[in-house]
*Asks:* 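Take this structure first; my questions come after.
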2 protein chains.
Amino acid sequence: MSQALAHIVDDDEAIRDALTWLLRTRNVAARTWASAEEFLAGWQADFHGCIVLDIRMKEMSGLECFDALLERNNSMPVIFLTGHGDVPMAVSTLKKGAFDFLEKPFDDNALVDVVIRAMESDARKQASQETQATVTGRLAQLTPREQEVMQLVLAGKFNKVIADQLNISMRTVEVHRSRVFEKMGVRSAVELAQLLAPGRD
Amino acid sequence: MSQALAHIVDDDEAIRDALTWLLRTRNVAARTWASAEEFLAGWQADFHGCIVLDIRMKEMSGLECFDALLERNNSMPVIFLTGHGDVPMAVSTLKKGAFDFLEKPFDDNALVDVVIRAMESDARKQASQETQATVTGRLAQLTPREQEVMQLVLAGKFNKVIADQLNISMRTVEVHRSRVFEKMGVRSAVELAQLLAPGRD
DNA sequence: CCCGATATTGTGGTCATCCGCACTGTGGAA
DNA sequence: TTCCACAGTGCGGATGACCACAATATCGGG
């Protein structure tokens, strides 16, 4: 997994260097990209940290870049920088999920604070997504029959009822049930319910 | 429970009348308030629908009114209207949870669409909050001892272990456990776990 | 053709759950 | 003082969950 980085996307080298220096003095690792196209080309799904995105750039704008990232299911928080902001633009980006929207000239410390909050937010999201991925992975290891039985167990049905419904014997249900618990890493139906309740698929 | 209303808060009577008419033609019930103070005085926790809030008003501004509503745990979505919007203001209100932020002059149909989406959003939130309130209410009906036993049941412990831990007999645990299921309206520990997993207290 | 994964079933037994019935004790409210 | 909610306890039985041991059967590869 790649390290958490603040990705600075701006076509002005002076700004890139200034921001990088600013963040480094606060112990925030940064990487710079000279254009939206370059960033999108280098972007990978396992990137973590946050993105500082200038809106007015040559060729592809920050807004277009943001839309492209949304389509790729980017998970990193995006902080917009703009010189001539207008309200509808700010509103629409925030409603689309941007983390913040700052107008130049901005306060150096304020930007760094926002970046740090964004990176903390991403770290939290990442942690919960990883546990979620573990659960999903374990679910994938279940055979079709086991998943079927699991659903009925979660519905609170007795083994006897499940057996009737699937036209199999109680003993077979017990075997599947046991394998489900084993593969999912739980030891009771209660734990299973708690594992699957917050964030179903 | 009160009906869903679009609450229009603006000190300009012409605007209030225009918005009311606009919404009525699209079958959205509206109620007007001539100032932030008046609205806050009349506001009740069981209001539902949405709030259309002008920012620049005599005496208390829309922003101050919004902050007051946040402190009262208002649940209705707030749509800001402003003549001379500035970006930081829009950003900060949206980050504080405002539903939208529109600049005058705005498109009539666009505003109505936003109001309708806001009211739909509130209806959904209200529905989930009501089921949550039901659960919380039932939890409140449990005696302290019953809550204690419930926690241990949810931790997946056997009645025997619970009995040891609370220094009581297994039979007593069974009685409490049974009462918990009865009061919470479930028939198994699995249902209980599912009821309490999404949104703990 | 043999192997592994999947699905299935039975026997017999242990442990846990759940429930009705009967009973004790305490502390606060009417 | 009487009534009631709350807490605690024992007995015995019915039912469900779980497990070790033991098997059969299908299917897709290697």
*Asks:* Any base atoms under 4.0 Å from B:R145, or only sugar-phosphate, or nothing? Heavy atoms, all strands.
*Replies:* sugar-phosphate
*Asks:* Can a side chain N or O of B:H176 be found less than 4.0 Å away from OP1 or OP2 on D:dG8?
*Replies:* yes
*Asks:* Between C:dT9, C:dT6, D:dT9, spot the one nearest the side chain of A:T172, thanks.
*Replies:* C:dT9
*Asks:* Are the side chains of A:V173 and A:H176 in touch, meaning some heavy atoms are under 4.5 Å apart?
*Replies:*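 No, every pair of side-chain atoms sits at 4.5 Å or beyond.
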*Asks:* Can you identify which nucleotide, out of D:dC18, D:dC19, D:dG10, has its nearest atom closest to the B:S169 side chain?
*Replies:*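 The listed nucleotide nearest to B:S169's side chain is D:dG10.
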*Asks:* Taking CD from B:E174 and C1' from D:dG12, how many angstroms apart are they, rounded to a whole number?
*Replies:* 12 Å
*Asks:* Nearest whole angstrom, please: distance from the P of C:dT6 to the CG of A:L166.
*Replies:* 18 Å
*Asks:* What's the CZ-P distance between B:R177 and C:dT17, to the nearest Å?
*Replies:*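 Atom-to-atom, B:R177 to C:dT17, this comes out as 5 Å.
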*Asks:* How many Å lie between CG on A:N159 and P on D:dC19, as a whole number?
*Replies:*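 Interatomic distance, CG of A:N159 to P of D:dC19: 11 Å.
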*Asks:* Going through the checks in order, is the salt bridge (charged side-chain N to carboxylate O under 4.0 Å, His left out) test met by A:D11 and A:R56?
*Replies:* CA-CA 9 Å; A:D11 61 357; A:R56 193 188 51 221; over 6 Å; no
*Asks:* For A:F99, does the six-membered ring have the charged nitrogen or CZ of B:K95 within the cation-pi criterion, i.e. under 6.0 angstrom from the centroid and within 45° of the normal?
*Replies:* yes
*Asks:* Round to a whole Å and report the spacing from CE of B:M170 to P of D:dG12.
*Replies:* 15 Å
*Asks:* Specify the separation, in whole Å, of atom CD1 of B:I168 and atom C1' of C:dT24.
*Replies:* 16 Å
*Asks:* Return the orientation label for the A:F66 and A:F80 ring planes: parallel under 30°, perpendicular over 60°, tilted otherwise.
*Replies:* perpendicular
*Asks:* Starting at NZ of B:K160 and ending at P of D:dG10, how long is that distance when rounded to a whole Å?
*Replies:*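 Answer to the nearest Å: 15 Å.
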*Asks:* Tell me which nucleotide among C:dT8, D:dC19, C:dT17 gets nearest to the side chain of B:F158.
*Replies:* C:dT17
*Asks:* I'd like to know if A:R171 reaches the base of C:dT8 with its side chain, counting only an N/O donor and acceptor under 3.5 Å.
*Replies:*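 In this structure, the two groups form no donor-acceptor pair.
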*Asks:* Any donor-acceptor pair under 3.5 Å joining the side chain of B:E146 to the base of D:dC6?
*Replies:*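 Check fails, no donor-acceptor contact within cut-off.
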*Asks:* Taking CD from A:Q147 and C1' from C:dT6, how many angstroms apart are they, rounded to a whole number?
*Replies:* 14 Å
